[in-house]
Number of protein chains: 2
Amino acid sequence: MSSQRRQPGRPEATSHGEIEQAAFALFAERGFDGTTLDDIADAVGVGRRTLFRYFRSKNDIPWGQFDLTLDAFRRLLASMPEDLPLHESVHRGVMDFNDFPDDAMPAHRERMRLILTNPALQAHSMLRYAEWRDVIAEHVAWRTRGSVTDLLPRTVGHVSLALALTAYDVWLADEHAVLLEVLEESMGTLRSYLGPS
Amino acid sequence: MSSQRRQPGRPEATSHGEIEQAAFALFAERGFDGTTLDDIADAVGVGRRTLFRYFRSKNDIPWGQFDLTLDAFRRLLASMPEDLPLHESVHRGVMDFNDFPDDAMPAHRERMRLILTNPALQAHSMLRYAEWRDVIAEHVAWRTRGSVTDLLPRTVGHVSLALALTAYDVWLADEHAVLLEVLEESMGTLRSYLGPS
DNA sequence: CACAGTAGATGCACTCGGTGCCATAATGGA
DNA sequence: TCCATTATGGCACCGAGTGCATCTACTGTG
């Protein structure tokens with residue numbers, strides 16, 4: 001790949017990845033709140049103003065390029081065989097979404113630990129979660145030929161997120177837990193909780 | 001009531017309620033983002049600094065005295081008969097929590113519309129939701145003689161929140177919807193979604 | 001090589017939320 | 001009146017985020 005990158009204008013001085021790396025190093029050292037955007041800009045060797053061309057806000061840095069991740073998620077759900085029961089389709093989608101190669105897990109864990117631990121990031125995450133829920137809701141709406149504003153798509157979106165967040169809570173609390181197993185387990189827990197109705 | 005308020009020091013210049021009222025008026029007029037803390041302080045006739053003695057942040061103003069609300073929720077759950085099945089106990093608690101007198105609904109609706117619509121407030125709400133979930137998790141842990149960090153309490157907390165938020169989404173989108181009915185409905189929707197497994 | 005075109009980088013000034021510190025005001029009681 | 005107590009609120013300051021204007025580095029062309 002990389003035929004030629006003949007772009008007209010000035011080349012980019014840095015990249016999302018570079019900023020992310022420098023930022024995570026600083027976060028690990030001084031904490032998220034203890035790191036200013038000036039710190040990050042200096043570490044990357046770029047102006048503070050430039051950071052905002054790569055990330056919408058400081059809170060977005062730990063999320064990396066989440067838009068791309070969501071695009072992949074969208075494609076993932078769209079690729080589910082249509083003869084699969086809806087709840088199976090969603091469940092598999094969520095499982096695949098959280099299926100990372102082993103060597104990526106440490107970094108993923110660190111990223112999620114940061115996001116789920118720091119109050120400012122916890123709060124901000126709500127906005128990203130809403131986008132994630134929408135992807136699910138759209139899938140459900142498409143499968144049921146309904147609207148994303150219907151009760152079912154919204155319910156499935158919210159509940160899927162609830163289960164995922166539960167799993168992450170437990171996973172982060174237990175050094176040896178396996179994310180996908182906890183995810184499966186939380187789903188089972190919900191079933192048995194509602195079961196005896 | 002109001003036996004005597006013989007407190008030693010200087011009397012308070014305002015109250016949570018007064019600030020809240022002035023703030024909501026301004027929010028309705030110029031929007032949440034278009035209202036500065038200076039605006040609110042001026043409207044109340046108090047220093048900007050003083051606002052922070054009543055509310056931890058601008059984002060907390062729309063929530064009123066949520067601590068007190070949570071205390072009531074805690075007592076509500078604790079008062080549930082122990083012979084009630086756990087899921088019933090939680091369900092009833094959530095229903096009662098959202099059972100407002102008719103004349104309080106318009107204000108409640110406006111408050112929730114604001115919180116669930118404005119991005120800054122959406123994000124901030126995550127922190128309040130976490131406290132709300134904890135109340136449920138504690139109840140479940142108490143009922144099951146387990147720990148709040150166990151899978152079940154966490155799952156129930158997250159899923160209960162998911163259903164409540166779903167209900168609020170739908171309720172706010174439909175002028176004529178009845179909150180408690182939508183809540184009940186979203187619960188049923190979840191059951192039927194998971195049912196055919 | 002000079003010049004035009006293009007797009008990213010960045011400095012600057014400014015707004016606003018939020019905090020620490022501290023002096024001050026208003027009250028009840030001795 | 002003087003004191004203890006408690007709330008007020010001014011002041012200085014920090015850091016995130018934005019709009020605007022300018023500059024810079026690179027491509028392509030004559």
Side-chain angles (χ1 to χ4, degrees), chain A residues 2-19 22-23 26-27 30-63 65 114-115 118-127, chain B residues 2-20 22-23 26-27 30-63 65 114-115 118-128:
Chain A
S2 85
S3 44
Q4 292 118 186
R5 38 187 21 268
R6 39 191 75 281
Q7 307 226 16
R10 177 175 180 171
E12 300 179 337
T14 180
S15 67
H16 288 87
E18 198 184 353
I19 293 172
L26 289 169
F27 295 159
R30 327 179 189 175
F32 182 78
D33 296 324
T35 305
T36 70
L37 287 177
D38 278 308
D39 293 339
I40 300 174
D42 287 351
V44 178
V46 88
R48 188 179 76 112
R49 196 67 183 73
T50 300
L51 292 183
F52 289 100
R53 302 181 65 79
Y54 288 84
F55 293 95
R56 274 179 291 176
S57 70
K58 182 186 177 187
N59 289 334
D60 276 302
I61 297 180
W63 286 85
Q65 293 176 278
L114 183 60
I115 291 176
N118 181 280
L121 292 174
Q122 268 176 40
H124 178 74
S125 66
M126 193 62 165
L127 304 176
Chain B
S2 85
S3 47
Q4 292 118 184
R5 39 186 18 269
R6 38 193 72 283
Q7 305 225 17
R10 176 175 179 170
E12 299 179 339
T14 181
S15 67
H16 287 87
E18 198 184 354
I19 294 172
E20 223 180 299
L26 289 169
F27 296 159
R30 328 179 187 175
F32 183 78
D33 297 324
T35 305
T36 70
L37 288 177
D38 277 310
D39 292 339
I40 300 174
D42 287 351
V44 179
V46 87
R48 188 178 75 113
R49 195 67 182 75
T50 300
L51 291 183
F52 288 101
R53 303 179 67 76
Y54 288 83
F55 293 95
R56 273 180 291 175
S57 70
K58 181 186 178 188
N59 289 335
D60 276 301
I61 297 180
W63 286 85
Q65 293 177 278
L114 183 60
I115 291 175
N118 180 280
L121 292 174
Q122 269 175 38
H124 178 74
S125 65
M126 192 64 165
L127 304 176
R128 295 290 90 85

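Everything numeric in this text was worked out from a predicted model, so none of it was measured. Side chains included, hydrogens not; waters and symmetry mates left out as well; all remaining heavy atoms used. Lettering of chains follows the sequences in order, A, B, ..., and the numbering in each one begins at 1.
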Please evaluate the base of [N] for a donor-acceptor partner in the side chain of [X] within a cut-off of under 3.5 Å?
| X | N | value |
| --- | --- | --- |
| R49(A) | dG17(D) | no |
| R10(B) | dG28(C) | no |
| R48(A) | dG15(D) | no |

What is the separation between atom [atom1] on [X] and atom [atom2] on [N], rounded to the nearest whole Å?
| X | N | atom1 | atom2 | answer |
| --- | --- | --- | --- | --- |
| L121(A) | dA16(D) | CG | P | 12 Å |
| R30(B) | dC16(C) | CZ | C1' | 15 Å |
| L51(B) | dG10(D) | CG | P | 11 Å |
| N118(A) | dA16(D) | CG | P | 12 Å |
| D38(B) | dG9(D) | CG | P | 13 Å |
| I61(A) | dG15(D) | CD1 | C1' | 13 Å |
| E12(B) | dT5(D) | CD | C1' | 13 Å |
| F55(A) | dA16(D) | CZ | P | 15 Å |

| request: State which of dA16(D), dG17(C), dT5(D) makes the closest approach to the side chain of P8(B). | output: dT5(D)

| field | Presence of R53(B) side-chain N/O under 4.0 Å of dT8(D) phosphate oxygens OP1/OP2 | value | yes

| message | Between Y54(A) and dA9(C), is there a contact of a side-chain N or O with OP1 or OP2 at under 4.0 Å? | response | yes

| Option among T35(A), D39(A), T36(A) that satisfies the side-chain hydrogen bond (donor to acceptor under 3.5 Å, both in side chains) test with R30(A) | D39(A)

| task | Would you give the length of the straight line joining atom CG of N59(B) to atom CD1 of I115(B), rounded to the nearest 0.5 angstrom? | result | 10.0 Å

| task | Please round to the nearest 0.5 Å and tell me the distance separating atom CH2 of W63(B) and atom CZ of R56(B). | result | 11.5 Å

| query | So do V44(A) and T50(A) actually touch side chain to side chain, heavy atoms under 4.5 Å? | reply | no

| With a 4.5 Å heavy-atom cut-off, do H124(A) and P62(A) have their side chains touching? | no

| request: Quick one: label G9(A) by what it contacts on the DNA or RNA (base, sugar-phosphate, nothing), any heavy atom closer than 4.0 Å. | output: base

| task | Just call it for T50(B): base, sugar-phosphate, or nothing, with non-hydrogen atoms closer than 4.0 Å on any strand. | result | base

| request: Specify the residue among L37(B) and T14(A) whose closest nucleotide of DNA chain C lies further upstream toward the 5′ end. | output: T14(A)

| query | Nearest nucleotide by nearest heavy atom, which residue falls closer to the 5' end of DNA chain D, V46(B) or N59(A)? | reply | V46(B)

